Amino acid sequence: MSDNTVTLKKPIQAHGDEATTLTFREPNGDDVMACGYPLQMHGDGSVVPIAGVVGKYISRLANIPASSVKSLSVTDFQSCMAVVLPFFTGAAESNPDPVNED
């Protein structure tokens, strides 16, 4: 299982089939322009996810209809959010190649 795959605790219907896992692709500029930024930043430095925007990303990045996202359990929505948000916080960046010291 890849880091971008969520195993659902409660299966959902998507495209007429039962889905037990969701695999997310990396977002691109078109996704950001269509969905907006999924985090709200406050003056005190805190960052809060915007559930509606995160839901749009879940739909686009996992290629499921919005109606399927709406049927996710809260636990599964949070698991999906944990995959989506690191793309926007820098946590999803891969580590640079180690320096080869000969």
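The first residue in the sequence is number 1, and the count goes up from there. Scope of the values below: all heavy atoms of this structure, side chains included, with no hydrogens, waters or symmetry mates. Values in this document were obtained by computation on a predicted structure and should not be read as measured data.
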| Going by the salt bridge (Lys or Arg N to Asp or Glu O under 4.0 Å) test, which pairs reach into residues 61-89, not counting sequence neighbours? | none
| Distance, nearest 0.5 Å, that separates CG of N63 from NE2 of H15 | 4.5 Å
| request: Check whether V48 and F87 end up in the same hydrophobic cluster, where Ile, Leu, Val, Met, Phe, Trp and Tyr are linked by side-chain heavy atoms less than 4.5 Å apart. | output: no
| request: Assess whether atom CE of M33 is packed by more than 12 heavy atoms of other residues, nucleotides or ligands within 6.0 Å. | output: no
| query | Does a donor on one side chain sit under 3.5 Å from an acceptor on the other, for T23 and T5? | reply | yes
| field | Nearest heavy atoms of C35 and K56, plus distance in Å | value | SG-CB, 3.7 Å
| request: Check I12 against S71 and note the closest heavy-atom contact, atom names and distance. | output: CG2-OG, 3.5 Å
| task | Tell me whether V74 is reachable from V53 by hopping between hydrophobic residues (I, L, V, M, F, W, Y) whose side-chain heavy atoms are closer than 4.5 Å. | result | no
| Pairwise distance CD1(I58) to OG(S68) - rounded to 0.5 angstrom | 11.5 Å
| Is any side-chain heavy atom of P38 less than 4.5 Å from a side-chain heavy atom of I50? | no
| query | Quick one: side chain to side chain donor-acceptor pair (under 3.5 Å) partners of D31, sequence neighbours excluded? | reply | R25, R60
| Of the non-hydrogen atoms in V83 and D3, which two are nearest, and what is the gap between them? | CG2-O, 4.0 Å
| request: Keeping to residues at least two apart or across chains, list the ring pair (Phe, Tyr, Trp, His ring centres under 6.0 Å) pairs with something in residues 38-85. | output: Y57-F88
| query | Can you name the nearest heavy-atom pair linking L61 to P27, along with the distance? | reply | CD2-CA, 3.7 Å
| salt bridge (Lys or Arg N to Asp or Glu O under 4.0 Å) contacts in which one or both residues fall within residues 41-50, not counting sequence neighbours | none
| query | Within the side chain of T21, is there an N or O that forms a donor-acceptor pair under 3.5 Å with the backbone of V6? | reply | no
| note | By side chain to side chain contact (heavy atoms under 4.5 Å, CB included), S67 pairs with (sequence neighbours left out) P65
| message | Which residues pass the side chain to side chain contact (heavy atoms under 4.5 Å, CB included) test with Q13, not counting sequence neighbours? | response | E18
| request: Group every Ile, Leu, Val, Met, Phe, Trp and Tyr by side-chain heavy-atom contacts under 4.5 Å, then state whether L85 and M41 land in the same group. | output: yes
| Gap separating the CD1 atom of I64 from the CG atom of L22, nearest 0.5 angstrom | 5.0 Å
